[in-house]
Undergrad: 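After the structure tokens below, expect a handful of questions from me.
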Amino acid sequence: MRIPIQSVTPETGHAEICGFVHEVRDLGGLAFFLIRDRTGILQVTIPKKKVSEAVLAAAKAISRESVVRISGQIKAVEKAPGGRELVPETFEIISLAESPLPLDVSEKVSAELDTRLDGRFLDVRRPRVAAVFAIRSAAMHAINDYFHKEGFISITTPKIVAAATEGGTELFPIAYFDKEAYLNQSPQLFKQMMMAAGCEKVYEIGPIFRAEEHNTTKHLNEATSIDIEVSYADHIEVMRVLEEVIVKTYEYVDKTCSDHLANMEIMDFAVPKGPFPRLPYSEAIEIAKKKIEDPIKYGDDIGSAAERAIGAEMGGHYFIVDWPTEIRPYYAMPYENDPTICKAFDLMHPRMELSSGAQRVHNHDQLVQQIAKKGLNPESFDFYLKPFRYGMPPHAGWGLGADRLIMTMLGLSNVREAVLFPRDMHRLVP
RNA sequence: GCCCAGGUAGUGUAGUGGCCUAUCAUGAUUGCCUGUCACGCAAUCGACUCGGAUUCGAAUUCCGACCUGGGCGCCA
């Protein structure tokens, strides 16, 4: 019966372990094999004169990163890593790895991201890389757990959609029998429909697709989005939810992932403190004006340089609120007392934008008006507008980029590090 | 899409016209080695992205293609 390496102690007695051959050190009459599974590394020591022919033959034939099953007596040895080692009675090669390897799993020689992604299965064998995805998994668990406890319903909406009615970003066209179809850029319209369906609180974690030809460390053409929509809530309420999700996720990772954080050599993991500052858009522009050379004025989008300058000033997570209605989508609710600004917000990490959201326009006629004002044709929004004609609760929501959340949480320099098999302009395989 | 920087053994690199039969590390192969823990020592193996041009001579200069990294833009 195979046991995880982590549970092998000097007192274990007899043990059978399975894993990858991490390293081989042959000293002549004595050889050391480091065997790695996802829980840790165990030293297997072979005194060549004292083991069977079969063990010796297998030990001679093995290559690094091969898969082996080894059983034998565990001995307490102070000189061995972890104070214990295994002297094999059986040494079975389950799967022999070819040599040379496409990248060095033991990290003696670094590899470029491109090389690592080409051989991602080997890359993820490295504990510091595996840690990213273990932490990502824990973060997703915390997020799901939060929503369930808060009474949200988890929904799954189509990723194949009919038409580019939302405007804005480029979509990926796909062949859908004899019809024109696209990969969905966001679950926005569907989660709003679920408000008309009376679900009140919904969330979805799923892929979104954007056919932009961007070439940066924070954009992907396929990303994971965490989306919520809440009835009878305004932007203030869903900002509170967002803040809580972020803080609870960090708290959970802090509480449960200390080993993984240590593997990544993150010693100063900091849980952000709520509430996050609410910075009005107009003030954000003022900060940017003072700090960056490029001219920026009220009504402009906030570019990367401005984003970083404001982030440096704020020092932690913060919201940008009260955006000009003009530069937000048609479904953002304008303030009643000043319709030139709207109830939209972005959640920012000092490095980049993580999330955007808003209270939505729930009145059918107002929505039609706003669509027209943006220069779009309301007729092509039929399927979206229909639910607004039969009783639509007021509602608000947001979308949070899961990959960027992990990237900023772990201080990764490239969003691709936070994604197992990233999709960008250049990469479709593996 | 625009701009910048690149492409040298499996991996990561040095090398800016002849000193290159191309450096170093890691790796692989072989040999020696009974306490390694980035084991050590010795020998061997393994590379200039592709096509064209300039030149007596090109890894090095020029042109084109392909590929990569990064910045910007774009990202309702």
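Order of the sequence lines fixes the chain letters, A, B, ..., with proteins taken first and strands second; residue numbering starts at 1 for each chain. Just so it is clear, the values below take in all heavy atoms, side chains as well, and ignore hydrogens, waters and symmetry mates. Fair warning: this is a prediction, and the values are worked out from it, not measured in the lab.
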Undergrad: Grab the CG-C1' distance between A/D26 and B/rG35 for me, whole Å please.
TA: 13 Å
Undergrad: What does B/rU34 pair with, Watson-Crick or G-U, if both distances are under 3.5 Å?
TA: none
Undergrad: Quick one: on RNA chain B, does A/K50 or A/R416 contact a more 5' nucleotide (nearest heavy atom)?
TA: A/K50
Undergrad: If you check the A/T45 side chain, which of B/rU68, B/rC75, B/rG35 turns out closest?
TA: B/rG35
Undergrad: Among A/W323, A/Y335, A/W398, find the one that has a ring pair (Phe, Tyr, Trp, His ring centres under 6.0 Å) with A/H235.
TA: A/Y335
Undergrad: Nearest 0.5 Å, what's the CD1-NZ distance between A/I287 and A/K291?
TA: 7.5 Å
Undergrad: Out of B/rG1, B/rG69, B/rC74, which nucleotide sits closest to the side chain of A/M425?
TA: B/rG1
Undergrad: Any idea which of B/rG12, B/rA76, B/rG35 is nearest the A/Q188 side chain?
TA: B/rA76
Undergrad: For B/rG35, does the base pair up with any side-chain atom of A/E85 as donor and acceptor (N or O, under 3.5 Å, distance only)?
TA: yes
Undergrad: For the side chain of A/S63 and the base of B/rA28, is some donor closer than 3.5 Å to an acceptor across the two?
TA: no
Undergrad: From the set B/rG70, B/rA76, B/rU68, return the single nucleotide nearest to any side-chain atom of A/T217.
TA: B/rG70
Undergrad: Taking the minimum atom-to-atom distance to the side chain of A/A111, which one of B/rA38, B/rG12, B/rU68 wins?
TA: B/rG12
Undergrad: Under a 3.5 Å limit for both distances, which nucleotide forms a Watson-Crick or G-U wobble pair with B/rC72, could you say?
TA: B/rG1
Undergrad: Between A/Y384 and A/Y331, is a ring-ring contact (aromatic ring centres under 6.0 Å, His included) present by the stated rule, with each step listed?
TA: CA-CA 11 Å; A/Y384 173 57; A/Y331 51 69; 7.3 Å; no
Undergrad: For the pair A/F152 and A/F147, name the ring-plane relationship: parallel under 30°, tilted 30 to 60°, perpendicular over 60°.
TA: tilted
Undergrad: Picking from B/rU36, B/rC72, B/rU34, which would you name as closest to the side chain of A/N215?
TA: B/rC72
Undergrad: Hey, does the side chain of A/K49 reach the backbone of A/L30 with a donor-acceptor pair shorter than 3.5 angstrom?
TA: no
Undergrad: Among the nucleotides B/rC74, B/rG70, B/rA25, which one has an atom lying closest to any side-chain atom of A/V109?
TA: B/rA25
Undergrad: Which of the following nucleotides, B/rC75, B/rU26, B/rA76, is nearest to the side chain of A/K108?
TA: B/rU26
Undergrad: Between B/rC75, B/rG35, B/rG73, which nucleotide has the shortest distance from any of its atoms to the side chain of A/H219?
TA: B/rC75
Undergrad: Nearest of B/rC75, B/rU68, B/rA28 to any side-chain atom of A/R210?
TA: B/rC75
Undergrad: Any strand counts, and the cut-off is 3.5 Å on both contacts for Watson-Crick or G-U wobble. Which nucleotide pairs with B/rU29?
TA: B/rA43
Undergrad: Regarding B/rU11, can its base be found pairing with the side chain of A/E112 as donor and acceptor, where the two atoms are less than 3.5 Å apart?
TA: no
Undergrad: Could you say whether A/L30 or A/E23 is positioned toward the 5' end of RNA chain B, judged by the nucleotide with the nearest heavy atom to each?
TA: A/L30
